[in-house]
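Notes follow the structure.
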There are 2 protein chains.
Amino acid sequence: MTTTTRVPPVRVPRGEARARLIEAARSLVRHKGFAATSVDDLCAAAGVTKGAFFHHFPSKDALGVALIDDWTTMTGAMFASHPYNFKDDPLDRVFAYIDLRRELLGQPLPEFSCVAGTTVQEAYETSPPIRAAAERSIRSGFAHVLPHLEQALAAHPVPGVTAEGLAQQFQVATQGGIILAKALDDPAPARAAFDHLERYLRLLFGRPA
Amino acid sequence: MTTTTRVPPVRVPRGEARARLIEAARSLVRHKGFAATSVDDLCAAAGVTKGAFFHHFPSKDALGVALIDDWTTMTGAMFASHPYNFKDDPLDRVFAYIDLRRELLGQPLPEFSCVAGTTVQEAYETSPPIRAAAERSIRSGFAHVLPHLEQALAAHPVPGVTAEGLAQQFQVATQGGIILAKALDDPAPARAAFDHLERYLRLLFGRPA
DNA sequence: AGCAAGATACCAACCAGTTGGTATGCATTC
DNA sequence: GAATGCATACCAACTGGTTGGTATCTTGCT
């Protein structure tokens with residue numbers, strides 16, 4: 001009789017299950033999308049059991065909401081603390097933000113794809129809570145440039161152009177660029193989207209490179 | 001004894017199963033995404049059995065490829081036959097194309113969402129054939145404006161700007177606009193994306209509204 | 001002791017895909 | 001032009017595995 005030495009599986013430290021599940025979800029959703037990611041996948045990747053999953057989240061959709069909200073705070077914190085916010089001129093802050101976005105495109109494709117954009121594409125009709133979380137995320141993205149654009153427009157008004165409208169174009173360029181990059185399997189179009197956005201802003205504000 | 005009158009289920013006419021499945025897929029994928037749409041869903045919506053499905057498509061992924069390729073030819077034919085192509089001035093053709101895109105945004109959201117963009121977002125890593133089909137679709141989209149942009153740039157060159165690069169921005173605006181519209185549950189941001197694209201082109205080519 | 005965190009075991013529904021078969025049409029032969 | 005032969009189109013029933021979710025028990029902290 002072989003004493004089946006009960007090897008205690010590498011246990012996730014108590015209290016970390018929730019965070020690990022969200023982390024795993026961030027990665028899996030970026031690679032496969034939300035619907036194609038199963039709860040079992042998530043638990044396996046997080047090193048956690050199903051019981052832990054449904055202890056922390058009442059449903060898979062609820063994990064989706066938590067994932068997107070976590071993504072919103074994560075990116076929000078990252079951009080808020082970045083040095084681009086401390087340039088003197090508001091337009092310089094905007095251009096430095098664009099530089100930062102272009103830098104991020106140096107990572108592998110799944111690493112720069114947007115959790116909110118990916119998920120809302122699938123779930124905008126089937127899960128209102130997920131759609132609402134994506135809306136919060138996108139709107140929070142506006143804030144990364146909105147104040148700078150407001151100041152720039154105050155100093156140099158452009159007829160027919162609002163700061164909100166311009167801030168939206170940053171998200172359009174981001175999300176559209178990601179889709180092109182995925183389809184063409186090449187980050188270049190995503191970078192080009194920011195190049196054109198920068199050229200547009202320079203023309204609008206009379207600030208040639 | 002009641003003679004259970006054998007009501008023959010409304011049978012799809014012979015030869016139509018394939019087309020109906022693609023049609024059903026177009027609608028379902030736009031509403032729920034590709035992964036969340038099951039083969040049973042598709043068969044039920046098309047009024048066809050599973051046997052018919054796997055007679056025409058070796059796998060669900062193959063249906064995805066056929067769906068996107070069908071979408072590519074469908075949209076290609078629609079844009080190619082449109083009157084905007086017959087204006088004298090190339091830039092007028094480009095602006096008329098933008099008008100057309102804005103008009104299309106008057107439909108309900110699932111009706112103007114892009115099959116290729118939605119699907120590649122989920123499947124770019126998991127299914128190379130689907131990714132390739134999406135690439136064909138996106139590249140075919142470039143062609144709707146590329147010749148006009150080439151002619152416009154030939155007559156009015158802009159340093160650092162290529163026709164290919166500009167054509168890509170049309171897809172960026174389209175795809176990015178759709179994601180914003182889905183997240184904010186409002187087509188306005190998608191329209192605004194084209195407004196800004198038009199303003200950008202007018203600035204580039206010195207052609208004020 | 002009490003309570004949140006997490007593990008184990010389980011379930012009914014659903015999943016993509018397969019089976020073995022039938023109905024239909026079309027080309028060839030006589 | 002009828003009979004033959006065969007491919008295409010389609011169908012109902014089924015399979016093994018997976019799905020999201022639940023019920024119940026154990027662990028460890030305060």
Side-chain angles (χ1 to χ4, degrees), chain A residues 4-25 28-29 31-68 70 119 122-123 126-130, chain B residues 4 6-25 28-29 31-67 70 119 122-123 126-130:
Chain A
T4 39
T5 29
R6 182 89 188 93
V7 179
V10 196
R11 271 280 250 301
V12 170
R14 207 180 165 78
E16 288 192 11
R18 194 192 138 98
R20 287 211 183 212
L21 279 166
I22 288 181
E23 204 178 324
L28 285 171
V29 166
H31 281 276
K32 318 199 301 175
F34 182 73
T37 299
S38 74
V39 174
D40 282 335
D41 285 347
L42 290 164
C43 294
V48 145
T49 60
K50 235 170 169 176
F53 184 102
F54 285 100
H55 173 75
H56 288 286
F57 307 103
S59 68
K60 190 192 169 190
D61 272 16
L63 177 272
V65 170
L67 165 66
I68 297 178
D70 174 81
T119 308
E122 305 177 55
T126 49
S127 171
I130 286 184
Chain B
T4 38
R6 180 90 190 91
V7 180
V10 198
R11 267 284 248 300
V12 169
R14 202 184 166 77
E16 287 192 12
R18 196 193 136 96
R20 287 207 184 215
L21 279 166
I22 289 182
E23 203 178 325
L28 284 171
V29 166
H31 281 276
K32 317 199 302 175
F34 183 73
T37 300
S38 76
V39 175
D40 282 334
D41 284 347
L42 289 165
C43 294
V48 145
T49 60
K50 235 169 168 177
F53 184 102
F54 285 100
H55 172 74
H56 289 286
F57 307 103
S59 67
K60 190 193 169 188
D61 271 15
L63 177 272
V65 171
L67 164 67
D70 175 81
T119 309
E122 303 177 55
T126 50
S127 171
I130 286 183

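Proteins get letters first, then strands, A, B, ... in listed order; numbering begins at 1 in each.
- To the nearest 0.5 angstrom, Ile68(A) atom CD1 is 11.0 Å from Ile22(A) atom CD1.
- The distance between atom CG of Leu21(B) and atom C1' of dC10(D), rounded to the nearest whole Å, is 11 Å.
- Within residues 49-61 of chain A, the residues approaching DNA chain D are Lys50(A), Phe54(A), Ser59(A), Lys60(A), by heavy-atom distance under 4.0 Å.
- Between Phe57(B) and Val65(B), the closest side-chain pair of non-hydrogen atoms is not below 4.5 Å.
- With hydrogens and angles ignored, the 3.5 Å screen pairs a side-chain donor or acceptor of Glu122(B) with a backbone N or O of Phe34(B).
- If you take CG of Leu42(A) and P of dT19(D), they are 10 Å apart, rounded to a whole angstrom.
- Regarding Arg18(A), its CZ atom lies at a distance of 16 Å from the P atom of dA4(C), rounded to whole Å.
- Checked against side-chain hydrogen bond (donor to acceptor under 3.5 Å, both in side chains), Lys32(A) has the following partners two or more places apart in sequence or in another chain: Asp41(A).
- For the atom pair CG (Asp61(B)) and CG (Leu67(B)), the distance works out to 11.5 Å, reported to the nearest 0.5 Å.
- Considering only side-chain N and O atoms, Ser38(A) lies under 4.0 angstrom from the phosphate OP1 or OP2 of dT19(D).
- Judged by the 6.0 Å distance and 45° axis criteria, Lys60(B) is not positioned over the aromatic ring of Phe53(B).
- Here the P atom of nucleotide dC15(C) and the CG atom of Asp40(A) are 16 Å apart, to the nearest Å.
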